[in-house]
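For the numbers below, each heavy atom of this structure counts, side chains included, while hydrogens, waters and symmetry mates do not. Because the structure is a prediction, the values reported are computed rather than measured. Chain identifiers are assigned alphabetically (A, B, ...) following the order of the sequence lines, protein sequences preceding nucleic acid strands; residue numbering begins at 1 within each chain.
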Protein chains: 2
Amino acid sequence: MIDESLIPELKDLGMSEYEAKVYSMLLALRVASAREIHEITKIPRGRVYETLTVLIEKGYVNSSNENPARYSAADVSRTFDRIKHKRLDFLDKLSEKLQNLEKERSEVLLGAYELRTIWAIDKQIRLIFARAKSEIVILLNDEFFMDKYAADMVKAKKRIPVYPIIEDESFAEKLPLKCYLGDKDVNAAFFRPQQEPEASRIKLIIYSDGRESLLVFDREGIYEGVFLSNHIHAAYISRMILKNITEIKPLKKKKQKK
Amino acid sequence: MIDESLIPELKDLGMSEYEAKVYSMLLALRVASAREIHEITKIPRGRVYETLTVLIEKGYVNSSNENPARYSAADVSRTFDRIKHKRLDFLDKLSEKLQNLEKERSEVLLGAYELRTIWAIDKQIRLIFARAKSEIVILLNDEFFMDKYAADMVKAKKRIPVYPIIEDESFAEKLPLKCYLGDKDVNAAFFRPQQEPEASRIKLIIYSDGRESLLVFDREGIYEGVFLSNHIHAAYISRMILKNITEIKPLKKKKQKK
DNA sequence: TATATTGCTCCTGAGTTCAGGAGCATCATT
DNA sequence: AATGATGCTCCTGAACTCAGGAGCAATATA
């Protein structure tokens with residue numbers, strides 16, 4: 001063959017050994033019948049037809065309708081333009097799909113990541129429960145989340161202190177573990193923020209080990225999360241919160257877990 | 001996972017199963033440690049590191065230097081721009097290389113193919129010898145080609161008539177088979193064309209079965225060939241040539257093959 | 001009509017890729 | 001010092017790809 005170094009590159013393009021051999025041979029030889037290709041390349045005669053069929057389907061090769069058929073390589077620049085555009089389309093479409101998953105930029109330096117799907121929020125919350133090592137402070141303002149993570153909280157409490165803080169005493173009945181009420185500062189800051197009228201209601205905040213925090217908002221019906229892995233304020237905030245909370249005594253209800 | 005359909009597409013991009021799983025998981029989850037990736041994707045924990053290393057090398061993933069290390073997906077649009085450019089460069093370079101083989105357009109309808117390399121010319125000549133079924137008329141004007149194809153001519157002559165036509169009687173000694181001289185028309189048309197002063201000297205012409213023909217020129221030191229597979233004039237030309245040639249009687253030389 | 005060639009399909013076995021897992025040294029936390 | 005998590009390396013076997021080849025019907029040639 002005229003240039004052996006082409007075969008590996010054509011393979012990188014997605015060709016098999018046979019395809020690469022036949023194609024480069026046809027480019028050099030310009031035109032040949034199946035039998036001739038077989039004799040020059042030593043490819044089994046039968047397989048030459050399959051190989052040519054694939055190359056024709058991929059648009060690399062043209063066949064004449066003589067008998068025996070003559071095969072020649074298609075115009076290279078046009079062929080490669082086509083391949084280029086096909087590849088670019090594929091990459092653009094895939095890139096777009098992936099960006100739907102990614103959506104917003106992350107600030108890697110801050111260790112801040114926006115979580116745009118309920119799936120990502122849920123997974124990250126469970127991961128926090130799983131890796132917490134000293135304490136968890138969790139502010140809850142949503143029955144959905146209370147139900148969802150009740151089991152995780154109970155499980156975590158076997159290892160480390162867990163402080164579920166709720167706005168209203170009545171929520172305590174929803175949760176199978178000891179709950180706390182925040183002071184007016186906590187309520188004002190987290191549960192009843194004044195700023196935006198309806199948007200961005202906080203549903204849940206977790207502070208874990210005084211290092212990480214995760215916030216879940218309900219922004220016009222859509223849950224959004226922010227995960228902060230290097231939250232420098234988290235230590236201070238969680239300490240202040242714990243200083244100013246009130247344990248809710250279980251009233252005449254079924255007995256608590258010890 | 002958030003969108004299973006992505007995995008096959010990422011595989012098309014050149015990722016393995018593990019790489020595709022880890023990458024799409026990281027895109028959805030935003031950030032995770034190796035252990036967490038292992039737990040969510042069920043990929044063996046040990047293999048997660050290799051997979052991540054590959055993804056980092058390919059530029060899909062970034063790692064933080066915390067302990068344990070946190071991994072996150074690199075910016076998608078930037079990553080894919082990079083991949084795009086890399087692929088385009090590859091395709092452009094390969095396309096250029098291949099066009100060096102191809103060089104000129106072929107006229108498929110005419111069945112005309114320009115042969116730009118001595119390799120292609122040689123191969124096509126031998127293919128003509130191999131597939132000729134009724135006769136070969138070959139005009140020779142170059143010692144190099146006489147030596148080169150002497151054996152092919154002798155071999156072909158065992159099956160079919162072969163008419164080597166030379167300009168000068170003295171060339172006959174170079175060839176181990178009966179040779180012929182053309183008349184003045186043949187000489188004028190093929191061996192001593194007047195037009196161009198020095199360029200385009202004809203070195204060799206083959207007419208095969210009155211259907212195909214192949215011409216070899218020496219254009220300023222470079223051999224160029226033209227192969228005509230549907231040469232409608234070939235039948236007439238070869239008949240006229242054969243009508244007007246003179247057999248060269250072997251003089252006092254070693255005896256010819258019968 | 002007999003023979004060779006063509007066009008095509010399918011099978012096999014070697015080689016490779018890769019999912020899945022075992023194992024181990026190092027580091028961090030008790 | 002002991003325990004457990006981390007970062008990493010290597011092994012194995014299943015699945016797949018693909019080179020190489022056998023075989024056969026349809027067509028062309030003699």
Side-chain angles (χ1 to χ4, degrees), chain A residues 1 7-8 10-25 31-58 61-71 127 130-135 159-160 209-211, chain B residues 1 7-8 10-25 32-58 61-71 127 130-135 159-160 208-211:
Chain A
M1 214 71 43
I7 276 98
L10 290 171
K11 278 184 171 178
D12 285 347
L13 213 97
M15 291 189 183
S16 71
E17 182 87 21
Y18 284 168
E19 286 162 31
K21 272 189 187 169
V22 168
Y23 183 55
S24 61
M25 204 278 284
V31 63
S33 68
R35 165 164 293 279
E36 291 160 356
I37 292 170
H38 149 66
E39 282 166 0
I40 294 177
T41 61
K42 309 296 177 200
I43 295 171
R45 197 178 59 80
R47 297 297 320 286
V48 169
Y49 294 96
E50 292 169 65
T51 307
L52 283 168
T53 303
V54 172
L55 285 173
I56 289 168
E57 275 169 9
K58 289 184 181 172
V61 165
N62 298 317
S63 73
S64 75
N65 37 11
E66 306 168 66
N67 194 299
R70 289 276 175 78
Y71 301 88
L127 289 176
R131 73 178 162 240
K133 286 188 178 163
S134 56
E135 64 168 34
R159 297 186 296 116
I160 52 172
D209 297 351
R211 294 194 306 113
Chain B
M1 216 67 46
I7 276 98
L10 290 171
K11 279 185 172 179
D12 285 347
L13 213 97
M15 290 188 184
S16 71
E17 183 85 22
Y18 284 167
E19 285 163 29
K21 272 188 186 168
V22 168
Y23 184 55
S24 61
M25 203 277 283
S33 68
R35 165 164 294 278
E36 292 160 356
I37 292 170
H38 149 66
E39 281 164 2
I40 294 175
T41 61
K42 308 296 177 201
I43 294 171
R45 197 179 58 81
R47 296 297 320 285
V48 168
Y49 294 95
E50 293 169 64
T51 308
L52 283 168
T53 302
V54 173
L55 286 174
I56 290 169
E57 275 169 9
K58 288 184 181 172
V61 165
N62 298 317
S63 74
S64 77
N65 36 11
E66 305 167 67
N67 196 300
R70 290 275 175 76
Y71 301 88
L127 289 176
R131 73 180 163 240
K133 286 187 178 162
S134 56
E135 64 169 32
R159 297 184 297 116
I160 52 171
S208 157
D209 298 351
R211 294 193 307 113

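The ring-ring contact (aromatic ring centres under 6.0 Å, His included) check on Y23(A) picks up Y60(A), with sequence neighbours excluded. With sequence neighbours excluded, the residues that form a side-chain contact (heavy atoms from CB on, under 4.5 Å) with S63(A) are I56(A), Y71(A). By the side-chain contact (heavy atoms from CB on, under 4.5 Å) test, A20(B) is found to be paired with I7(B), L10(B), M15(B), residues two or more places apart in sequence or in another chain being considered. Scanning for salt bridge (Lys or Arg N to Asp or Glu O under 4.0 Å) contacts around R47(A) gives E50(A), with sequence neighbours left out. In this view, K133(A) satisfies the salt bridge (Lys or Arg N to Asp or Glu O under 4.0 Å) rule with no residue, not counting sequence neighbours.
In this structure, the CD1 atom of I37(A) is 17 Å from the C1' atom of dG20(D), given to the nearest Å. What separates NZ of K11(B) from P of dA15(D) is a distance of 14 Å, to the nearest Å. Note: CD (E36(B)) to P (dG7(D)) measures 11 Å, nearest angstrom. Summarising the geometry, the separation between CD on E17(A) and P on dC18(D) is reported as 10 Å, rounded to the nearest angstrom. Between the CG atom of L55(A) and the P atom of dC18(D) there is a distance of 13 Å, rounded to whole Å. Rounded to whole Å, the distance from CE on M15(A) to C1' on dT17(D) is 17 Å. Counting to the nearest Å, the C1' atom of dC8(D) and the CD1 atom of I43(B) are 16 Å from each other. For I7(B) and dC18(C), the CD1 to P distance is 15 Å, given to the nearest whole Å.
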Do E135(B) and I160(B) pass the side-chain contact (heavy atoms from CB on, under 4.5 Å) test, and can you show the C-alpha distance, the side-chain angles, and the key distance before you say yes or no? CA-CA 6 Å; E135(B) 64 169 32; I160(B) 52 171; 5.6 Å; no

Contact state string [nucleotides 1-11 of chain C, B base, S sugar-phosphate only, - no protein heavy atom under 4.0 Å]: -----BBBBB-

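Comparing P44(A) and G14(A) against DNA chain D, the residue whose closest nucleotide sits nearer the 5' end is G14(A).
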